[in-house]
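To start, the structure itself, in structure tokens.
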Number of protein chains: 2
Amino acid sequence: MTEHSNPSKPPTIRDVAREAGVSKSLVSLVFNGGENVSEERRKRVLHAAELLGYRPNLVAQSLSAGRRDVVAILVANLHNPLFAEIVSAAKARLVEAGQRTLIVSAQVDDDDGSAVLDRDNIAILRDLRPSGLIAVGTIRGFAELADLTATIPTVVASAMDTTKDVVAVVRSDDNTGLDLVVAHLAEQGVEQIAFIGGDGSRVSASREAAFRAAAARHGFGDNARVERADFTEADARRAVAELLTQGRLPQAIIAMNDLTAIGVISALEAAGVSVPGDCLVTGYDDTMLAAIPRISLTSVDPDNRRIGSAAAEALLASAEGRVGEVLVTPRLVVRGSSHAA
Amino acid sequence: MTEHSNPSKPPTIRDVAREAGVSKSLVSLVFNGGENVSEERRKRVLHAAELLGYRPNLVAQSLSAGRRDVVAILVANLHNPLFAEIVSAAKARLVEAGQRTLIVSAQVDDDDGSAVLDRDNIAILRDLRPSGLIAVGTIRGFAELADLTATIPTVVASAMDTTKDVVAVVRSDDNTGLDLVVAHLAEQGVEQIAFIGGDGSRVSASREAAFRAAAARHGFGDNARVERADFTEADARRAVAELLTQGRLPQAIIAMNDLTAIGVISALEAAGVSVPGDCLVTGYDDTMLAAIPRISLTSVDPDNRRIGSAAAEALLASAEGRVGEVLVTPRLVVRGSSHAA
DNA sequence: ATGAAAGCGCTAACAG
DNA sequence: CTGTTAGCGCTTTCAT
């Protein structure tokens with residue numbers, strides 16, 4: 001552990017060069033793995049750098065003909081604990097591959113509480129000229145970032161995107177996930193089921209389609225209904241009311257994610273319908289919410305760490321061309337909310 | 001909406017200068033609110049910029065003798081929905097004041113799932129030379145960032161820090177918060193209470209001290225106990241077991257935050273103690289968890305938006321010197337978990 | 001193998 | 001008021 005003697009500004013490449021008695025360029029070479037540097041000089045430089053506590057300035061590096069080793073991870077928002085797992089797994093894989101990462105949030109909540117692109121963050125990211133981009137979660141207005149995705153290899157994780165120029169979309173295999181759920185419910189002897197999907201997001205649409213397919217496959221036919229609700233509890237309540245007034249209450253409700261499921265449970269219970277007594281409920285994502293004993297929600301674990309590492313993998317492989325869609329196989333976590341008993 | 005004609009690289013200040021028939025410097029002046037630019041030239045420049053789709057390169061700006069208008073918001077982690085509110089409120093205030101913001105996460109989860117400083121993020125942030133720093137939440141290893149906090153006006157929000165050189169620490173007034181809780185519990189006729197604090201964090205310690213003071217104030221004397229647990233459910237269970245084996249079960253347990261409270265409830269119910277029937281429980285933070293009907297946890301709302309804006313305010317006022325500690329007054333949100341009835 | 005020199009995009013004195 | 005000239009810290013030809 002050595003201290004750098006100059007108390008004011010951080011040392012620059014020039015300071016190191018002077019200390020080592022070599023030129024700037026040589027220092028740069030050493031720090032960028034240049035092969036053709038004499039062992040002696042290399043040592044001198046490294047030693048001087050250590051002595052001074054020199055760290056290359058990333059901003060300068062990026063300005064000067066973009067460095068190709070920093071990957072930006074754009075997180076949809078700071079709310080969703082889900083994303084944290086994906087991000088850390090992706091980062092771990094990237095670091096392993098010798099890449100630097102910059103993790104920034106893509107959206108902020110404006111005054112109305114709705115998410116909007118964080119233009120400041122995006123602008124800085126753009127100017128940093130990252131070598132790659134991983135977008136985690138559904139980002140509203142992601143299409144506006146076309147100038148980025150067109151230039152920079154981009155992978156979308158845990159979201160869907162139609163943009164032609166993303167290297168890969170890595171997400172949970174909704175078909176398998178919903179099949180697991182429907183099969184489980186069928187096993188419990190359920191005969192009428194309903195799906196409560198979300199807002200207009202593509203993920204929601206995909207899960208809805210997956211539900212319809214799974215329901216058909218398991219012979220539910222007309223006994224499978226679909227309702228929509230955004231993620232607010234108020235809206236879940238509305239959707240449930242809808243379901244209730246349509247006559248018969250389904251014996252099970254499949255929510256597109258855990259948050260919606262909790263809204264559904266709340267709405268059902270507020271209406272005097274007990275869960276799982278009178279109606280089973282399942283979620284998707286297997287967030288920590290699902291595991292809380294009082295909630296004990298059967299949910300689909302999408303294996304977020306695998307999604308994250310697969311996204312990183314896809315990006316690293318992007319040199320070899322488009323990867324396309326990577327579907328990560330989920331597994332069902334059965335809890336109290338789906339045991340009629 | 002105009003397109004820039006050059007399909008390859010984004011336009012630079014030079015392109016704009018050429019297009020407008022002026023010098024680089026003039027363009028720079030126009031974009032930095034220079035007063036002494038003739039109206040005509042200014043228009044020409046603005047028009048050329050618009051035409052080309054020019055956006056100043058922030059990285060270049062920051063490299064070239066630091067711009068003084070970008071504030072970095074360092075978020076402890078991506079898990080805690082709490083922070084999202086603080087961040088967005090702080091950002092809103094900053095934007096209002098004409099500041100740019102960069103929101104980055106300060107920590108990542110390593111393989112063990114424990115949080116560590118995200119050195120990449122920090123390094124980039126440092127090199128960007130932000131004009132100010134707002135650290136949101138307790139960041140492990142924050143002390144290692146001393147070189148930053150020593151140089152850059154820093155405000156800590158929703159955490160405590162002893163570093164001498166932070167401009168301000170903005171946090172919930174724990175004393176008031178816990179007094180509200182204890183008073184409420186006393187009103188319910190509770191005679192023995194216990195506090196379950198957390199890991200070794202300063203916030204936890206502060207709330208524990210606040211609890212002791214409030215308990216004394218409300219005449220609990222020896223009937224107030226303290227137990228510790230980290231935020232895992234397993235540990236909450238252990239702490240509760242501890243409490244149970246100490247003989248009498250307290251009539252109410254005050255948890256240092258909502259997450260711990262939920263662990264406590266789970267542990268109590270697993271031990272056959274009903275909440276709120278046999279024991280009342282309260283939390284702190286008023287997260288969305290508390291509002292879930294099945295949880296219905298009485299909690300202290302710290303008013304995160306005010307914490308965020310106050311932090312921004314303190315930073316903006318930092319020119320006028322150290323602000324010190326800003327305590328934001330919380331309010332109690334009473335829910336089912338604290339109604340013996 | 002090494003150094004000199006020319007930028008990356010921008011700002012900031014400094015002259016005109 | 002406007003243009004010229006130096007850099008910010010680093011990479012990268014291009015000579016040597």
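Heavy-atom basis, side chains included; hydrogens, waters and symmetry copies ignored. Here is how names work: the chains are called A, B, and so on, in the same order as the sequence lines, proteins then strands, and each is numbered from 1.
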Item checked: Separation of atom CZ in A/F31 from atom C1' in D/dT12, rounded to whole Å -> 17 Å
Pick out the pairs of N or O atoms, protein on one side and nucleotides 2-6 of chain C on the other, that lie under 3.5 Å.
{"residue": "C/dT2", "atom": "OP1", "partner": "A/S38", "partner atom": "OG", "Å": "3.0"}
{"residue": "C/dT2", "atom": "OP1", "partner": "A/R41", "partner atom": "NE", "Å": "2.7"}
{"residue": "C/dT2", "atom": "OP2", "partner": "A/S38", "partner atom": "N", "Å": "2.9"}
{"residue": "C/dT2", "atom": "OP2", "partner": "A/S38", "partner atom": "OG", "Å": "3.2"}
{"residue": "C/dG3", "atom": "OP1", "partner": "A/R41", "partner atom": "NH1", "Å": "3.4"}
{"residue": "C/dG3", "atom": "OP2", "partner": "A/S23", "partner atom": "N", "Å": "3.1"}
{"residue": "C/dG3", "atom": "OP2", "partner": "A/S23", "partner atom": "OG", "Å": "3.3"}
{"residue": "C/dA4", "atom": "N7", "partner": "A/S25", "partner atom": "OG", "Å": "3.4"}
{"residue": "C/dA4", "atom": "N6", "partner": "A/S25", "partner atom": "OG", "Å": "2.9"}

Item checked: Side-chain N,O (A/S28) to OP1/OP2 (D/dT11) below 4.0 Å -> yes
Check: CZ of B/R14 versus P of C/dT11: gap in Å, rounded?
Finding: 12 Å
Note to self: Between P on C/dT11 and CG on A/L63, what's the gap in Å once rounded to a whole number?
What the structure shows: 12 Å
Note to self: Nearest whole Å is fine: how far is D/dC8 C1' from B/N57 CG?
What the structure shows: 13 Å
Item checked: Atom pair distance, as rounded to whole Å: CG in A/L128 and C1' in D/dC10 -> 14 Å
Check: Once you round it to whole Å, what is the distance between P of C/dA1 and CG of A/N32?
Finding: 17 Å
Check: For the side-chain contact (heavy atoms from CB on, under 4.5 Å) test, which of A/V108, A/V104, A/I124 pairs with B/I103?
Finding: A/V108
Margin query: Closer than 3.5 angstrom, by distance alone: can the side chain of A/S131 be matched with the main-chain N or O of A/V70 as a donor-acceptor pair?
Written below: yes
Check: According to the salt bridge (Lys or Arg N to Asp or Glu O under 4.0 Å) rule, which pairs have a member within residues 18-29 of chain A, sequence neighbours left out?
Finding: A/D15-A/R18
Check: Do B/D112 side-chain atoms and B/S114 backbone N/O form a donor-acceptor pair below 3.5 Å?
Finding: no
Margin query: In whole Å, I'd like the distance from the CZ atom of A/R129 to the P atom of C/dC8.
Written below: 11 Å
Notebook entry, point to check: Can any side-chain N or O of B/E325 pair as donor or acceptor with the backbone N or O of B/V169 at less than 3.5 Å?
Noted result: no
Next item on the list: Give a yes or no on whether a salt bridge exists between B/E40 and B/K43, defined as a side-chain N under 4.0 angstrom from a carboxylate O.
Entry: no
Next item on the list: Could you check how far CD of A/Q61 sits from P of C/dG9, rounded to whole Å?
Entry: 17 Å
